[in-house]
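What you see below is based on every heavy atom in this structure, not just the backbone, and it leaves out hydrogens, waters and symmetry mates. On a predicted model such as this, the values are computed, not experimentally measured, just so you know. Each ligand, and each atom within it, is numbered from 1 in the order the structure gives.
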Amino acid sequence: MKFVDQPLSEADSTVFDLCRAEERRQLEKIRLIPSENYVSRAVLEASGSVFANKYSEGYPGKRYYEGQQVVDPLEELAQSRAKALFSADHANVQPYSGSPANLAVYLAFLKPGDKVMGLALPMGGHLTHGWGVSITGKYFQSIQYGVRKDTGRIDLDEVRDLARKEKPQLLWAGGTAYSRIWDFEAMASIAREVGARFVADMAHIAGLIAGGVHPSPVPHADVVTTTTHKTLRGPRGGMILCRTEHAQAIDRAVFPGLQGGPHVHNTAALAVALKEAALPAFRDYAANVVKNAQAISDELMARGYHVVSGGTDNHLLLVDLTGKNVSGKIAARALDKAGIELNYNSVPYDTRKPFDPSGIRLGSPSVTSRGMGVAECKQIAVWMDRVIANPSDDNAEKVLGEVRELTGRFPAPGLSR
Ligand code: DSN
């Protein structure tokens, strides 16, 4: 059985070459998708560790498989680091990602047909906060709040009025394309007033909260869900934090309610990422993420772009290209050819379809992980403007040369040159 000992390059040169090609792509591009990042070499190494071989259904000290002598302390370590980092009573580190983490909350607290309220997807929310095409909008009655047309921001008076009228049993805060600070305390008070549980999905901003540059929902929410791979800069995965009173319901909902065995190699990588996020350097990282996103936003606005809500308080911005006479998709594709990777996105009150919307969404977590600063981010906005003004292949090609020169000067964590 010689093949089991071969390195990837020999065992499967096709996949090896694809891995190298993706590594090169991630090195050469300016990666601006706000839900992505570069994990450290240590996180990458733990993700590919022998824990991938292990089944561990259950929780530490109560498993359905033997051989948990090493896995139990590992999971306890990840739990205790998560609790310490976010000052939470309880942490479940098993969700496979953000959507399963959110589904576990539904399973813990609701029955099909119960009423939930969340920020609508086209207004910057997430599918699993009750959007119609998601199971959360199909199996539950869903009420959706939005952002104001004139400000692009959530209006808490509108949220309160809607909650009083509809009386949801679960109220979500959090989103995927909302660039302003959430008032978690006010959202919690609305939930309390109408008798709803308050759940904050901090997936996008978990790293900003860990780094102390954004307010934490933990003191205010019954439950906090998150992915672990966005600004938090951990492996692909999910996590749930909650008050002690909800710990049992949440744990049961994750396993056996929704999932089987946790992905223990991800638990290992998460433990490493949580250690990294508690370091003083991570506070600088989080502060720089915000500064960099604001630098891109300011430069784009100075060049006549409509940034939704007039700017950003966090790591991302949403740009409405309606006034630029180019769709989000055409702009995103041209920018990709120029080595600038982001995603097309609906903007609030978009008149175009989600698959060909008016906006683009971008953010600073990845470029900040490479050590780029305000000067580089302003330059990125200048290149974006050049490409959007003329999305031809020839023009994109010219910008690509300059982009490569910049990325060549900034090594990426975890990647070899
Ligand atoms: N798909 C993620 C994002 O890009 O924001 C949210 O789950």
Contact region, R361 to ligand 1, non-hydrogen atoms below 4.0 Å, reads side chain

Item to complete: Over 60° means perpendicular and under 30° means parallel, so classify the ring planes of F184 and F198, tilted if in between.
Response: tilted

Distance-only side-chain donor-acceptor flag, D394 / S392, under 3.5 Å
no

Pair Q94, E75: side-chain N/O donor-acceptor within cut-off below 3.5 Å: yes

Check whether R160 reaches the backbone of I190 with its side chain - one donor and one acceptor, N or O, closer than 3.5 Å. no

Looking only at atom types and distance, does a side-chain atom of Y38 sit under 3.5 Å from a main-chain N or O of Q26, one as donor and one as acceptor? yes

*Between E341 and R25, does at least one N-O distance fall below 4.0 Å, as a salt bridge requires?*
yes

Quick note on ligand 1: atoms under 4.0 Å from a heavy atom of S35 include exactly 3 (C), 4 (O), 5 (O)

For H126, the atoms of ligand 1 under 4.0 Å from one of its heavy atoms are 6 (C), 7 (O)

Of T176, N345, T128, D201, the residue with the heavy atom nearest atom 6 (C) of ligand 1 is T176

Ligand 1 contact by E36, heavy-atom criterion under 4.0 angstrom
no

Atom 1 (N) of ligand 1 protein-contacted (non-hydrogen atom, under 4.0 angstrom): no

Ranked by distance from atom 5 (O) of ligand 1, the top protein heavy atom is H204 NE2, 2.7 Å

